[in-house]
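Letters A, B, ... mirror the listed sequences (proteins, then strands); counts begin at 1.
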Amino acid sequence: MEELRIGVFICNCGTNIAGFLDATDVSDYSRGLPGVVFSRENLYSCSEAGVSDIKSAIVENKLNRVIVAACTPRTHEPTFRATCEDAGLNPFFFEFVNIREHVSWVHKKEREAATRKARDLVRMAVARAALLEPQTPIEASVIRRAVVIGGGISGLTAARELARKGIDVVLIERERKLGGLVSGLYVLGPVPRDARAYVASLVADVRKDRRIRIMTGATVERIGGYIGSYMVGVRSRGKASEIDCGAIVVATGAVPLKPEGVFGYDGKKVISLFEFQDRLRKGKLRGRRFVMITCAGARDRERIYCSRICCGSAIKDALLVKELDPGSSVHILYRDLMCYGVENEGILRAAKEAGIRFVSYSKDAPPVVEDGVVRVEGDVMGEELAIDADVVVLASPLVADEGASELSKMLKVPLDADRFFLEAHVKLRPIDFATDGIFVCGTARWPATTRECAEQALGAAARASIPLLAGRVEVEPAVAVLGDEDLCRGCGMCAALCPYGAIEIVETDSGEKASMIEVACKGCGTCAATCYMRAITMVHYTDDQLRSQVNVAFEEQATRAGGAVAEPGAAAPTGAGGSK
Amino acid sequence: MCSGRVDPALILESFLAGADGVFVGACLKGECHYSVGNLMAEGKIEVTKRILRRFGIDPGRLVMRMMSSAQGAKFVEFASAFQDDVAALGPVGSSEGIDAADAKLRLAAARNALADKKLRWVEGKWVEFQEEGNLYGERFTLHELGRMYEEIALDECAIQEIRLRLEGRELSAKELARQVRIPAYRVLRHLADMRRMGLVSVAAVGDGEPVWSSCELEEIPAA
Amino acid sequence: MAKCPTKVADSFNVGLGERKAIYLYFDQGIPSVMTIDEDNCRYFATGKCKVCEKMCKKGAVDFEQKDHRVSLDVGAIILATGLSVMDPTPLTQYGYGRIPNVITGLEYERLINATGPTGGHLLRPSDGELAHRVGFVQCAGSRDLNHCDYCSSVCCMYSIKDAMLGREHDPESVSHIFHTDLRNVGKWFQRYQIRGEEEYGIKFVRGRIAEIQHGPADNPVLWYEDTRTREVASLEVDLVVLATAALPSLDAKELAGTLGVKVDRYGFVLTDDATPSSTNVKGIYACGFCKGPCDIPESVAQASAAASSASTRVLGNK
């Protein structure tokens with residue numbers, strides 16, 4: 001084996017790191033570790049200057065392992081791997097140490113201890129780096145077909161956009177009709193738009209596109225596979241079929257909460273906003289005195305979240321009523337008016353000008369709905385009001401679809417605490433899932449206006465089109481492999497445990513054995529930690545690599561304490577049942 | 001890497017490397033980024049704690065805590081509490097009233113038990129038995145699984161410890177019983193089994209009481 | 001850079017620090033190349049100096065460099081010109097620029113940032129003392145008929161975040177947030193708000209600030225009516241942070257004019273709800289704050305949407 005030449009770079013991150021620990025000390029210290037031939041500090045390792053500095057250091061010092069002690073691998077591991085590659089080094093000879101989130105940011109007032117911890121972490125990384133092996137990314141081909149689950153405006157928009165890019169689409173809708181929630185609405189907001197006409201034009205576009213196959217009355221029964229090669233099992237009007245596709249877009253939407261037990265809901269004189277819209281559309285709205293109550297079933301103990309669109313919807317509907325019957329009275333009882341942005345605030349202003357009355361109430365003193373009267377302790381005006389009401393309208397939140405839970409299990413993607421789909425990163429990757437090749441848009445992700453849904457749908461189509469149009473994907477090679485086939489007994493425990501269906505038991509010349517589908521594996525390692533024969537190896541996170549880190553973790557303390565007690569049976573014997 | 005990747009044997013490696021406590025952080029239930037890895041981890045940690053207890057090591061030295069990445073304060077709370085707990089316990093052995101060399105031997109035996117097939121098999125079935133039941137469709141509660149595991153672990157741990165105690169030493173069954181903290185008749189039963197497997201042999205018979213020693217094995221894969 | 005004799009207020013640190021006439025935009029900027037500020041460089045003013053040229057061992061300083069025009073043939077254009085923040089000086093009731101310890105949210109961001117001018121310590125401008133008591137004033141210029149009558153959408157959340165950061169840097173920090181409606185409508189935002197209140201001790205006060213007065217020891221004094229208790233009250237703090245209104249970026253209107261893109265009366269690019277990334281001009285798309293207030297996740301989703309519309313056009317399938 002070639003001589004080990006490890007280079008260690010300590011990022012100062014401006015003062016983010018160097019301000020709270022002695023980066024120079026850590027750099028000097030790392031130079032004394034086994035295998036380390038070079039170390040230095042960078043002001044910002046990730047900056048252009050830092051990267052080119054690392055690159056030239058690799059070349060000049062013939063480094064064959066590179067360690068950067070900086071921040072989170074989440075953002076910059078790809079940066080430094082690419083740096084290694086540019087310098088002619090296999091990117092998997094790179095090892096990242098997080099001395100910002102794990103050290104400087106959490107030990108701001110303990111400079112010495114923080115420096116010691118940074119030393120420990122770098123020492124552990126050096127130990128592991130010595131055992132790293134070169135890897136090549138796993139490549140797989142991609143079937144140029146997408147499945148869009150959900151035929152509401154999000155799914156329709158996504159399907160249409162994908163088809164326009166030349167991608168075949170199968171659109172799966174649970175109901176017998178396309179259109180989803182919006183097709184039952186009257187006028188959309190905040191800029192008024194006829195809901196049914198909007199849905200109709202989308203449906204027409206989708207229907208006439210020959211690249212789109214529509215399956216209505218269809219439920220997803222099974223999903224298997226991985227990016228590039230998913231299999232979606234569908235039952236449509238009694239008939240089961242299987243669809244192969246390269247990517248999946250989840251656009252299953254949400255449902256309006258039926259506010260049973262909230263503010264005296266009875267479906268007659270106390271109704272939900274959706275029922276109100278329905279009456280408006282059918283011209284069946286009776287009465288001239290309306291009281292609307294927002295946060296009906298939201299922002300409480302049971303449902304902590306704000307459903308984002310109810311305030312705007314309520315105001316939009318109140319304006320519709322005023323337009324139809326200028327002499328009518330509308331009161332909107334609210335906690336906070338969520339009229340974010342330009343247009344929502346605009347309709348709020350318009351509503352105030354139109355004579356709609358706004359009364360704020362506090363969470364601790366909710367309005368009381370009695371027969372024909374709503375009593376509320378006006379928060380701003382300070383007196384108890386008794387407002388006569390012919391109809392009370394409850395602006396209730398959107399809640400996650402009940403089918404989401406089942407679908408999330410089939411897709412092997414998570415839901416959040418409110419049972420909405422949980423994206424890969426709430427801030428930076430809002431329409432991706434952590435699982436490659438699956439995307440999310442619309443109210444399946446979180447309550448949103450139709451504009452926001454359409455925008456996310458276009459976004460999801462763009463994200464999905466990347467692998468679909470490329471035709472090939474590269475997958476991180478940190479996966480499980482059957483390291484020792486002879487050890488494998490084909491017991492199937494790993495296959496049963498694998499959350500991704502990435503392990504199959506196959507018949508070989510030497511009996512049943514586990515077989516890994518590398519592209520489907522996410523590298524969680526559950527199988528390796530469980531395999532009773534220890535036949536599975538985690539590539540790039542081998543037992544040896546992990547053990548090497550653990551073993552040096554306490555080295556300094558042991559030296560300080562004056563040597564450790566020797567361990568009996570250092571070379572661990574295998575079990576007593578070896579021959580059973 | 002997922003908390004489900006944390007191999008119980010690796011936890012014991014950590015203790016052997018000098019850790020006085022091991023903290024495993026995992027996602028909240030239902031929010032595991034790898035679906036159910038945290039539940040697997042929970043099972044593994046549970047059995048590891050049981051094994052520690054068997055060897056007379058305070059199981060409080062190992063904790064698993066669940067939190068989300070948005071719960072920084074919670075992590076600090078958990079980490080600080082654990083730090084305090086471990087500091088109060090001191091180095092492995094001190095709070096347990098065993099000397100350092102003995103503690104090391106027990107940890108090594110525990111590591112070997114956890115690295116070995118038998119216990120790993122049961123561990124692997126942990127979630128399955130809980131959620132789907134065994135071959136006969138019987139589902140087990142955590143308590144029942146614990147008891148079942150305990151029975152298997154009792155033997156396994158004793159065997160592993162006997163092997164290490166006999167390494168380079170010759171001991172009588174009575175002495176072994178004292179050191180391994182189980183009745184002499186059970187030691188004898190284990191020794192008989194182990195002799196059949198070629199792991200131990202009778203070294204000498206003095207005063208009517210045989211003393212035992214370990215046999216060399218050809219190949220020893222590391223834990 | 002070290003030898004440059006000219007010091008200028010650093011615009012990246014919103015004027016809270018200084019930079020030289022030759023400088024980096026900011027530390028992590030891409031590309032990481034020095035630039036010379038012609039307006040302030042001594043050589044450009046007097047024809048003498050060139051210290052930087054002499055110091056640079058690699059001969060990278062070139063005083064002859066000229067701007068040049070580039071023509072690009074493209075199939076689509078995406079507007080992503082972002083936002084600028086309102087100068088709160090005209091909001092005379094808040095005394096920005098007159099009362100020393102009244103700053104903007106953006107200034108607070110720089111102060112609390114470890115790479116900022118104070119190394120992450122919340123040192124107030126008047127005396128460089130650590131500010132413990134902070135008052136956040138929401139809707140400074142937003143939802144205000146005389147200035148911006150829309151809601152800037154992101155201020156409620158960033159003020160809560162800033163107050164949390166303040167507490168993390170300084171356990172004695174106490175923040176009051178004076179608000180009208182607290183508009184935390186994004187994913188998990190309500191939980192965040194609750195955390196701010198319960199774990200970080202943020203005090204939420206419903207009420208618009210009527211006036212800020214210059215109190216003793218340069219402490220600003222906030223006068224307000226608490227609309228919950230209906231009492232007029234005042235609060236003396238060490239530092240006031242104005243959540244200033246967000247506007248389209250300064251030259252957005254001009255750019256829109258050049259391109260023929262329609263904007264609303266504020267200068268935000270107009271798009272249709274059903275085709276939210278397309279402007280009125282074929283082949284020109286828009287995303288992010290230039291279309292109206294939005295937060296990071298929305299901007300990211302919109303960016304993908306605009307990329308989708310543009311790529312569909314460029315790929316020639318539409």
I'd like to check A/E343 versus C/C151 (side-chain heavy atoms, cut-off strictly below 4.5 Å). Are they in contact?
no
Indicate yes or no for a side-chain donor-acceptor contact from C/D181 to the backbone of A/D336 under 3.5 Å, with no hydrogens or angles considered.
no
Heavy-atom pairs under 4.5 Å with chain C: which of A/R445, A/K108, A/R299 has the most?
A/R299
Which atoms of A/L202 come close to chain C, meaning under 4.5 Å heavy atom to heavy atom: side chain ones, backbone ones, both, or neither?
neither
Above 12 or not: heavy atoms from other molecules or residues under 6.0 Å from NZ of C/K161?
yes
Measure the spacing between CG of C/N113 and OG1 of A/T15 and express it to the nearest 0.5 Å.
8.0 Å
For A/R349 and C/D149, indicate whether the former's side chain and the latter's backbone hold a donor-acceptor pair under 3.5 Å.
yes
For the side chain of A/R451 and the backbone of C/T271, is there at least one donor-acceptor N/O pair under 3.5 Å apart?
yes
Could you give me the CA-CA distance, side-chain angles and deciding distance for C/E298 and A/K427, then say whether salt bridge (Lys or Arg N to Asp or Glu O under 4.0 Å) is met?
CA-CA 8 Å; C/E298 287 174 82; A/K427 207 180 216 83; over 6 Å; no
Could you tell me which non-hydrogen atom of A/V342 sits nearest to which non-hydrogen atom of C/Y150, and how far apart they are?
CA-CB, 3.6 Å
Nearest heavy-atom neighbours spanning A/Q456 and C/A301
CG-CB, 4.2 Å
Atom CG of A/L337 and atom CZ of C/R143: how far apart are they, to the nearest 0.5 Å?
7.0 Å
Considering only heavy atoms and a distance below 4.5 Å, find which of A/V191, A/D418, A/I309 pairs most often with chain C.
A/D418
CD1 on C/I296 to CG on A/L428, rounded to 0.5 Å
7.0 Å
Using a 4.5 angstrom heavy-atom cutoff, name the option from A/D416, A/N16, A/T450, A/L188 with the most pairs to chain C.
A/D416
Just how far is it from atom SG of C/C156 to atom OH of A/Y340, taken to the nearest 0.5 Å?
13.5 Å
Per-residue contact mode, A/L469 against chain C (heavy atom under 4.5 angstrom):
side chain
Rounded distance (nearest 0.5 Å) linking atom CH2 of A/W105 with atom CD of C/E168
10.0 Å
Give the minimum heavy-atom separation between C/R183 and A/C339, together with the two atoms involved.
NH1-O, 2.7 Å
Is there a side-chain contact (heavy atoms from CB on, under 4.5 Å) between A/E455 and C/K291 once you walk through the steps?
CA-CA 12 Å; A/E455 201 132 42; C/K291 295 198 301 169; 2.5 Å; yes
Engaged part of C/S152 at the chain A interface, taking heavy atoms whose separation is under 4.5 Å
neither
So for C/F268, is it side chain, backbone, both, or neither that comes closer than 4.5 Å to the heavy atoms of chain A?
side chain
A/I431, part contacting chain C, at a heavy-atom distance under 4.5 Å
side chain
If you count heavy-atom pairs under 4.5 Å with chain A, which of C/T180, C/V154, C/D272, C/L145 comes out on top?
C/D272
Keeping C/S308 on the side-chain end and A/L458 on the backbone end, is there a donor-acceptor pair under 3.5 Å?
yes
Atom group of A/I167 that falls short of 4.5 Å from chain C, counting heavy atoms
neither
For residues C/Q190 and A/R303, determine if any side-chain heavy atom of one lies less than 4.5 Å from a side-chain heavy atom of the other.
no
Would you confirm whether A/R463, through its side chain, and C/S304, through its main-chain N or O, come within 3.5 Å as a donor-acceptor pair?
no
Tightest non-hydrogen contact, residues A/R160 and C/A274, listed as NH2-O, 4.4 Å
Taking all non-hydrogen atoms of both residues into account, name the closest pair between A/W446 and C/V185 and its distance.
NE1-O, 3.4 Å
Does any heavy atom of chain C fall under 4.5 Å from the side chain of A/Y198, the backbone, both, or neither of them?
side chain
Before you tell me yes or no, could you show the steps for C/V300 and A/R429 under side-chain contact (heavy atoms from CB on, under 4.5 Å), namely the whole-Å CA-CA distance, both residues' side-chain angles and the distance that decides it to 0.1 Å?
CA-CA 7 Å; C/V300 174; A/R429 293 178 63 195; over 6 Å; no
Of all heavy-atom pairs linking C/G186 and A/R308, the shortest is CA-NH1, 3.8 Å
Interatomic distance, SG@A/C306 vs NZ@C/K187, rounded to 0.5 Å, equals 14.0 Å
